[in-house]
Each structure stands twice: as C-alpha cells, then as structure tokens.
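All values derive from a computational prediction rather than experimental measurement. We name chains A, B, ... by the order of the sequence lines, and we start the count at 1 in each one.
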Amino acid sequence: MLDPRLFRSDLEYVQQQLARRGFDFDADTYQTLESQRKEIQVKTQELQNQRNTRSKAIGQAKAKGEDIRPLLDEVQNLGEQLKAAETELAEIQEKINDLMTGVPNFLANDVPEGSNEQDNVEIYSWGDKPKFSFLVKDHVDLGAQLQGMDFELGAKIASARFVVLKGPLARLQRAIIQFMLDTHIVEHGYIETYVPFLANADSLYGTGQLPKFEQDLFKVENDPGFYLIPTAEVPVTNIVRDVIVDNSDMPLKFVCHTPCFRSEAGAYGKDVKGMIRQHQFEKVELVQIVKPEDSVKAHEDLSGHAENILQKLKLPYRKVLLCSGDTGFSSNKTYDLEVWLPSQNTYREISSCSNFKDFQARRLQARWRNPETGKPELVHTLNGSGLAAGRTLIAIMENYQNEDGSITVPDVLVPYMGGMSCVS
RNA sequence: GGAGAGGUGGCUGAGUGGUCGAAAGCGGCGGUCUUGAAAACCGUUGAGGGUUUGUAGCCCUCCCAGGGUUCGAAUCCCUGCCUCUCCGCCA
C-alpha cells in the first residue's frame with residue numbers, strides 16, 4: 001500500500017506516478033470519499049470526547065454523593081449519535097481502504113516505459129550458449145527416455161500441470177536445492193528458514209497477493225480458510241509483520257526452500273507441455289529486510305546472489321529489467337533472470353528479483369527504529385528466486401544433454417549426487 | 001479428542017466498573033559522581049490516528065481479536081484465536 005498521506009498532500013504527483021503503469025487513479029471518487037471521511041471523523045471524535053468528559057463528570061459527582069440524575073439526562077441520546085457516527089466512519093474508511101489496496105506501487109525512476117514483456121530491457125547476457133552436433137531434445141523427451149519424469153502419472157494422481165520425478169532426476173532436483181541453499185548460507189550470508197506452506201489471509205494481504213489476486217491461489221476450504229503459499233516470499237516476509245526490527249539485526253537476510261502452489265488461472269494453453277508451468281514446483285527464495293537507504297544496493301546484491309547460482313552451474317542467462325507494463329503490482333523495480341533453453345531456442349524466466357520499497361512493509365507494519373529520530377519507521381522489503389528449482393532442473397537437462405540422451409551433471413552438483421557425474 | 005489455567009507497554013508483572021494508557025521491577029535513554037568504567041542516586045522512556053503551515057497545542061483510538069451490557073469497560077457477558085499444564089492419541 002502507498003502512503004495515504006501522500007494522496008492527501010500531493011494527489012497530482014500520485015496520479016503522474018501511477019500513470020507510468022497505465023493505472024488511472026480515480027481522483028474524483030477519492031476526493032469525495034476523503035472529504036467525507038474528514039468531516040465524519042472530526043464529528044465522531046468530538047462525540048467521543050463529549051462522552052468521555054461527561055462520563056468522567058458523572059463518576060466524580062457520584063463519588064461526592066451528588067445527584068447524577070440531571071447529568072444522565074444530558075447524555076441520553078449521545079450514545080445513539082455516537083454509534084451512528086462510528087458506523088458511518090467505518091463504512092467510509094472501508095471504501096477508502098478498498099480503493100487504496102487496489103493501487104499498485106510506484107515505479108523506480110529507471111524503470112523503462114513499455115506495455116508488456118516485449119519492452120523489457122536486456123541489461124546483459126552471460127555465458128556461452130551450448131552448440132550441439134546433434135538434434136537437441138527438450139526436457140520432456142529427455143525425462144521420458146531416462147524414465148524419471150512422468151506427467152501422465154502426475155495427472156493421474158492429481159491433475160494436469162503436476163509431475164512425478166523418479167530416480168536420479170528426483171535426486172538431481174534435490175541436489176540443486178541443497179546446492180542453492182548451501183551457497184546462499186555460506187557464501188552470501190543468508191539465514192536458513194523453514195516455514196508453514198499454508199498461510200492465513202492476513203499474511204497474503206501483507207505481501208500483496210490479497211485482496212487483488214485471490215484467483216491465482218489455491219484455497220483450503222477450512223474454517224478459518226488457509227491458502228497454499230504461491231511462494232516462500234509470503235511466509236518468510238511475514239516473519240516481520242507487526243514487528244519493530246532491532247537496528248542491530250538489520251539487514252535481515254533469509255533463504256528458504258518451499259514448494260510453491262499456483263492455480264495458473266488464466267494461463268490456459270500457455271506452456272502446457274513440460275515442467276515450465278506447474279501447479280506445484282520447488283523454489284529457493286531469498287528475502288531481505290533492510291533500512292530504506294540500503295534497499296537499492298540490496299536489490300543489486302540479491303539479484304547478484306541469484307546470478308551466482310547460474311554462473312556456478314554454468315548456465316547461460318540474461319538479466320532483464322522489467323518495463324513499466326510488466327512490473328508486478330507490489331514491486332518498485334524488478335530484474336528477471338532468464339535462462340537459456342536450447343529446445344525452445346530462447347531465454348525463459350528462472351528468477352524474479354524485486355525491490356518493494358515500503359509498499360509491503362506498510363501493509364505488514366514491518367518497522368525498524370531509526371536511531372536518528374528515535375521513531376519506528378517502515379523497513380524496505382526485497383525478494384527474489386535463487387532459483388526456481390524445477391526450471392533449473394530442466395535448464396540443466398537441456399543444456400547438459402548428450403547425444404545418447406544422458407545428462408552430464410554440472411561439476412558443483414556432483415558432490416550432492418553422491419559422486420555421480422552423469423545421469424543416464 | 002477430554003479436563004483445567006491464562007493472554008496487560010521492549011521484557012517480567014500488578015490491577016479495580018469511574019481522575020487507568022495503565023503500579024512496580026528489569027531493560028533503554030539522559031544526567032550526577034568517576035581519569036574511565038561499574039555501582040549508587042536523580043530524571044526520562046509505548047504505538048497508531050485526526051486537526052493544523054506545524055517534530056507546538058488540542059483531541060481520538062489501542063490492555064489477544066470481534067461482538068454485547070453500561071452514562072462510563074483493561075475490569076462484567078458472549079464468540080473466536082492463541083499459549084501453558086495434565087490425560088488420551090500420534091510422526
């Protein structure tokens with residue numbers, strides 16, 4: 001959520017900023033609601049004040065043994081007036097809140113203009129694309145040949161967009177996850193966390209998935225309802241919900257491996273084949289909680305940590321700065337890392353690293369105490385995949401494939417495969 | 001699943017239907033003392049919001065959450081959530 005005070009003090013600036021996203025903020029509706037709010041809130045607080053003063057007077061009169069009858073008559077209909085005002089205020093505030101929670105974050109100044117992913121800007125590419133002297137297979141064919149990747153079985157057990165991995169391929173995915181976690185913990189200084197895979201509505205609201213994107217989530221119809229986490233970002237960032245983080249603990253850097261669950265509503269016909277787009281996939285997520293002045297630097301660091309994984313795996317990739325039209329709702333600035341997939345002859349997203357500034361922190365009420373002011377102030381939150389493990393698995397399969405359909409294991413993963421250097 | 005106890009400020013912990021946003025201790029911050037530190041002593045110390053040019057003043061809200069009773073609720077009633085203890089079950 002954006003700062004409501006900014007809407008009151010400089011609405012024109014707010015509109016300009018939001019227009020960069022093509023978001024047309026309804027200023028008229030807002031101003032009508034806001035002027036109503038002001039009037040009703042002042043009225044309500046005045047009535048509350050009256051109630052407090054008079055009740056106090058009654059208490060004092062009673063203590064002195066005076067007759068409180070006239071005082072009681074005086075406050076007779078105050079209660080009803082107050083209740084009506086409070087109800088009206090709550091209604092108007094809910095309307096304003098609904099309006100505000102639908103407003104996306106501002107974009108950083110250096111986010112390029114553009115309407116969709118076509119307009120994203122490549123910052124650089126890394127690594128040499130492999131050259132093959134034979135016809136390349138995609139990960140689906142390779143997986144079938146290795147008898148380690150079965151989509152029909154996934155469909156039988158659950159539905160389309162699920163997979164069953166078996167044998168060395170299942171182990172390879174686990175090796176990837178272990179390798180990523182160890183690298184982030186040992187080399188990049190992250191704290192490993194283990195978290196719930198179901199989250200409540202408050203948590204999803206805090207990171208911005210609710211109320212706007214409920215259709216993307218799997219919901220557990222319990223009482224109270226839970227949601228399957230679409231990313232570890234949700235439970236991990238919510239660690240600091242309603243917390244004033246100690247100055248000396250900043251920055252907080254968490255790494256977490258979880259399965260992720262996405263309904264993929266609206267993705268019909270998209271990436272139907274293979275493991276690119278699944279209802280359930282494994283991901284290692286990086287989350288940082290930092291002081292506001294450090295977030296731009298932290299964003300570069302965090303995406304660098306994800307890149308380091310790709311580089312150690314020697315997977316060719318490119319780094320892309322998302323344009324205004326492709327940057328997510330809560331994000332101020334996002335880098336995507338896209339890995340080379342030989343079978344598709346293109347780069348595909350394998351990590352998305354975002355700086356949310358104080359947008360999530362405001363919803364979360366995640367704060368730190370600024371020693372200069374002595375006051376609690378909002379932190380900045382960031383996260384990024386480091387990396388999506390399922391997509392890393394298929395990138396390795398395709399880039400490291402041999403003519404006979406076997407897969408060479410990247411050097412850094414061999415220890416995690418019990419010394420196995422080739423999957424066949 | 002059964003039985004019981006409880007949720008109060010950064011922490012521990014008192015509290016009564018009325019001057020309680022809340023005793024006391026600890027911790028934090030400032031000061032006195034000291035070459036410096038410790039100890040001791042003195043002072044200070046919650047969060048959010050409204051109004052406003054205002055980090056001034058005035059006002060409102062918050063004692064787990066949501067309802068209710070009342071002129072008045074941290075205090076009484078109801079519901080929910082969470083924590084702890086014992087029993088049962090279980091990876």
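- Annotation: G88(B) and G15(B) have their C1' atoms spaced 38 Å apart (nearest Å).
- When heavy atoms are screened at a 4.0 angstrom cut-off, Asn52(A) is found touching the sugar-phosphate backbone but no base atom.
- Nucleotides C78(B) and G4(B) place their P atoms 14 Å apart, quoted to the nearest Å.
- Checking A5(B) for Watson-Crick or G-U wobble geometry (two distances, each under 3.5 Å) identifies U83(B) as its partner.
- Comparing U32(B) with A37(B), their C1' atoms are spaced 15 Å from each other, to the whole Å.
- With both ends at atom P, the span from A73(B) to C62(B) equals 9 Å, rounded to whole Å.
- Within the structure, every side-chain polar atom (N or O) of Arg369(A) is placed at least 4.0 Å from both OP1 and OP2 of U45(B).
- Nucleotide A40(B) forms a pair with U32(B), judged by Watson-Crick or G-U wobble geometry with both contacts under 3.5 Å.
- Residue Arg37(A) has a polar side-chain atom (N or O) positioned under 4.0 Å from OP1 or OP2 of U51(B).
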Close N/O contacts between protein and nucleotides 69-72 of chain B (under 3.5 Å):
{"from": "C71(B)", "atom 1": "O2'", "to": "Ser55(A)", "atom 2": "OG", "distance (Å)": "3.2"}
{"from": "G72(B)", "atom 1": "O4'", "to": "Ser55(A)", "atom 2": "OG", "distance (Å)": "3.0"}

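- With respect to Leu252(A), the side-chain contact (heavy atoms from CB on, under 4.5 Å) criterion is satisfied by exactly one of Val243(A), Val245(A), Val290(A), Val287(A): Val245(A).
- Taking the C1' atom of each, A56(B) and G50(B) are spaced 16 Å apart, rounded to whole Å.
- For the salt bridge (charged side-chain N to carboxylate O under 4.0 Å, His left out) test, residues two or more places apart in sequence or in another chain that qualify with Lys297(A) are Asp301(A).
- A 3.5 Å limit on both hydrogen-bonding distances identifies no Watson-Crick or G-U partner for U19(B).
- Distance noted for atom C1' between C81(B) and A23(B): 29 Å (whole Å).
- Counting only heavy atoms from C-beta on, Pro376(A) has its side chain closest to G48(B) among G48(B), G50(B), U51(B).
- At most 12 non-hydrogen atoms from other residues, nucleotides or ligands lie less than 6.0 angstrom from CG of Asn109(A).
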